[in-house]
Amino acid sequence: VKRTLLAAALLEYRNKEVVLLDDSPAGSMSVLEMDDTVDEVNRVIQQLRRQADAIRIDRTVERIDVLTRFLEAMSNEYKAASGVRDPEYAKNILDPKVAELRLWRALLSKADPNDKAWVAFDQYLANHYSSNVRVFHRKLHPELTQDKSKAANISAYLSLIGSGDKSGVVSERPENILILDADQCPYPHMLGKSVAHLERPANADAAAFQTPQNYVVEQENQTGDASSLFMAVHGLSNRGASHIKAAFWGGTNAVIRFSALESIREEIPAEGVTASYTKFISDESTIEDTESTIKMARRGWRVMATDENMVDGDPPMNMEGYIKQQYRWAQGDMVVLVHQLLPTFLARVRGIISSPAVKSFAGWAFRFSYNVTHFIFSVAQLGISLLHPLAAMAELTGFDLSIDPKIVISLCAYNIISTCNLANDIRNTKYRLLDLIKSMPSQYLLAPIYLHATAAGIQQLFTGQRVPFLKTP
């Protein structure tokens with residue numbers, strides 16, 4: 001959490017507010033720990049700001065050297081840590097800042113204090129070292145919605161913006177929002193680069209600029225390796241989908257317009273002790289990002305996506321976390337498929353005859369097939385993994401088990417096509433085909449999980465009772 005907050009505070013963007021949305025239970029030690037963490041991060045930021053202010057006042061390269069040495073010492077401290085994430089943090093977050101300061105020093109070493117170069121450097125310092133970190137504890141306010149989902153936590157906070165009656169709430173409505181999970185560390189240029197794309201006139205209809213997440217994997221972690229590989233491939237496919245306006249907002253490591261969230265907002269009336277609030281992010285399913293993407297698309301928004309890594313994060317560190325993550329996605333896919341995608345897709349099919357919007361139709365077709373594929377893939381995997389055990393059991397018991405060869409051929413063909421697709425994409429990532437082969441067993445093992453999640457989604461569709469949001473540890 002400390003790494004994430006510091007990386008967010010050091011993003012190159014002047015008018016930014018950094019807020020930690022803490023969902024710890026009221027009265028727990030976690031509330032105090034989060035307060036201490038925020039205080040610790042703010043002390044570091046204040047030290048950096050004091051040194052930056054001294055540079056702006058004195059305008060001497062010796063002052064730049066002081067700030068450079070301070071950041072360099074921080075970087076060396078992280079590099080000396082035992083974990084894999086800390087050296088990566090130093091390399092991607094702190095070292096670029098040290099390198100930039102050295103370039104500025106070389107440029108300014110012979111410049112007059114009144115030179116335009118010093119004015120530009122003043123702006124650079126203000127962009128990097130001008131924001132404190134706030135913390136907001138939702139569970140300390142019983143009148144706010146206490147739904148355990150991430151979407152509810154964010155919506156509760158956004159509903160309070162501008163009210164000024166809660167500690168940790170910003171006073172002004174933001175134009176853009178960058179949502180980060182507690183394990184994610186954005187690179188210094190991530191925010192400025194994303195906002196620049198959204199501000200281009202040609203992208204006025206872009207709701208969000210989505211970046212992939214670069215999983216930093218501990219050594220000898222097969223679960224993490226598999227997650228990292230498929231995340232890299234997903235980044236490529238999402239970038240490609242953005243060309244037909246079919247990319248998905250991922251919920252995190254993306255800059256999204258506040259106006260886009262306002263366009264899909266719902267007013268939730270008061271109930272019991274819970275006050276009324278505005279739901280900005282849909283949470284009928286366990287994949288609030290996919291659900292919200294579809295609602296925004298209905299209102300004319302699209303999502304831009306890149307495959308350039310600008311955020312580091314943690315993959316699921318063990319099988320428990322991986323299963324929870326995959327279960328949540330698979331269950332949500334089923335609900336979104338029936339509630340959101342199917343009606344819209346059929347409407348697009350009916351309208352395609354009279355409408356020239358082929359690109360829009362292709363986008364909805366992609367979204368539809370994306371969710372259907374999740375279901376088919378799990379069925380195909382389970383079918384193939386069960387064929388041999390079932391045949392062996394039939395032979396032992398003498399039970400007549402007839403399997404239609406066409407089913408076997410279809411399942412095998414689907415897996416071959418899917419694997420070839422992945423292999424083609426992997427050529428454009430840092431991974432090799434051998435990595436794909438090593439990751440396949442974990443995917444086959446998850447087939448029953450996918451099917452159970454799909455069944456849970458079907459149950460929600462019939463009963464209307466929401467499935468609990470499973471957080472990845």
Side-chain angles (χ1 to χ4, degrees), residues 1-13 16-21 41 75 78 83-97 100 127-128 131 133 150 154 174 176-198 206-218 224-225 227-239 241-242 247-257 281 287-290 292-293 303-317 321 325 329 428-431 471-472:
V1 174
K2 177 185 172 183
R3 277 195 308 244
T4 299
L5 292 176
L6 190 56
L10 294 178
L11 283 165
E12 186 181 355
Y13 202 80
K16 63 179 182 289
E17 299 275 3
V18 182
V19 186
L20 170 63
L21 299 185
V41 171
S75 177
Y78 277 105
V84 172
R85 282 298 305 276
D86 291 317
E88 284 289 317
Y89 183 80
K91 183 181 78 172
N92 294 327
I93 311 298
L94 299 175
D95 285 354
K97 290 187 170 294
E100 286 175 358
N127 287 348
H128 281 264
S131 63
V133 177
K150 180 171 69 176
I154 297 171
N176 304 296
I177 300 169
L178 167 60
I179 300 172
L180 297 167
D181 286 340
D183 61 288
Q184 295 177 332
C185 294
Y187 300 173
H189 62 278
M190 185 265 181
L191 180 56
K193 202 167 187 177
S194 300
V195 172
H197 279 285
L198 292 176
F209 186 79
Q210 180 68 53
T211 70
Q213 183 176 181
N214 176 43
Y215 278 155
V216 181
V217 184
E218 299 280 352
D225 285 336
S227 300
S228 182
L229 184 148
F230 286 106
M231 184 61 71
V233 172
H234 173 72
L236 280 173
S237 65
N238 209 32
R239 184 200 67 180
S242 67
F248 284 91
W249 173 49
T252 60
N253 50 287
V255 175
I256 186 167
R257 298 183 197 268
I281 301 175
I287 48 173
E288 74 291 336
D289 43 14
T290 303
S292 298
T293 299
V303 174
M304 301 174 64
T306 179
D307 62 341
E308 179 187 353
N309 287 326
M310 290 189 270
V311 176
D312 285 343
D314 285 336
M317 301 310 291
Q325 181 193 67
W329 292 348
N428 299 312
T429 70
K430 62 183 179 180
Y431 295 96
K471 294 184 178 179
T472 305

Using modelled atom types only, decide if a donor and an acceptor are shared between the side chain of [X] and the backbone of [Y] within a distance under 3.5 Å.
| X | Y | value |
| --- | --- | --- |
| Thr211 | Asn253 | yes |
| Arg257 | Leu198 | yes |
| Gln210 | Gly250 | yes |
| Thr4 | Cys185 | no |
| Asn214 | Val311 | no |

Search all heavy atoms of [X] against all heavy atoms of [Y] and return the closest pair with its distance.
| X | Y | value |
| --- | --- | --- |
| Ser131 | Ala9 | OG-O, 3.6 Å |
| Gly192 | Tyr13 | CA-CD1, 4.0 Å |
| Leu11 | Lys16 | O-NZ, 2.9 Å |
| Asp183 | Asp314 | OD2-N, 2.8 Å |
| Ala90 | Pro96 | O-CD, 4.3 Å |
| Pro212 | Asn309 | CG-OD1, 3.5 Å |

Between Tyr187 and Asp312, do the side chains contain an N or O donor and an N or O acceptor separated by less than 3.5 Å?
-> yes
Are any non-hydrogen side-chain atoms of [X] and [Y] less than 4.5 angstrom apart?
| X | Y | answer |
| --- | --- | --- |
| Thr252 | Leu180 | no |
| Glu288 | Ile154 | no |
| Lys97 | Pro188 | yes |
| Leu178 | Ser194 | no |
| Phe248 | Val303 | no |
| Tyr78 | Pro87 | no |
| Ile177 | Val255 | no |
| Leu10 | His128 | no |

What residues, two or more places apart in sequence or in another chain, satisfy salt bridge (Lys or Arg N to Asp or Glu O under 4.0 Å) together with Asp289?
-> none
When you check the gap from the basic side-chain N to the acidic O, do Glu12 and Lys193 get nearer than 4.0 Å?
-> no
Ion pair present between Lys91 and Glu88, side-chain N to carboxylate O less than 4.0 angstrom?
-> yes
Non-neighbouring partners of Gln213 that pass side-chain hydrogen bond (donor to acceptor under 3.5 Å, both in side chains), sequence neighbours left out = Gln184
Can you say whether the rings of His197 and Phe209 are parallel (under 30°), tilted (30 to 60°) or perpendicular (over 60°)?
-> parallel
Val133 and Val19: side chain to side chain contact (heavy atoms under 4.5 Å, CB included), yes or no, with the steps?
-> CA-CA 6 Å; Val133 177; Val19 186; over 6 Å; no
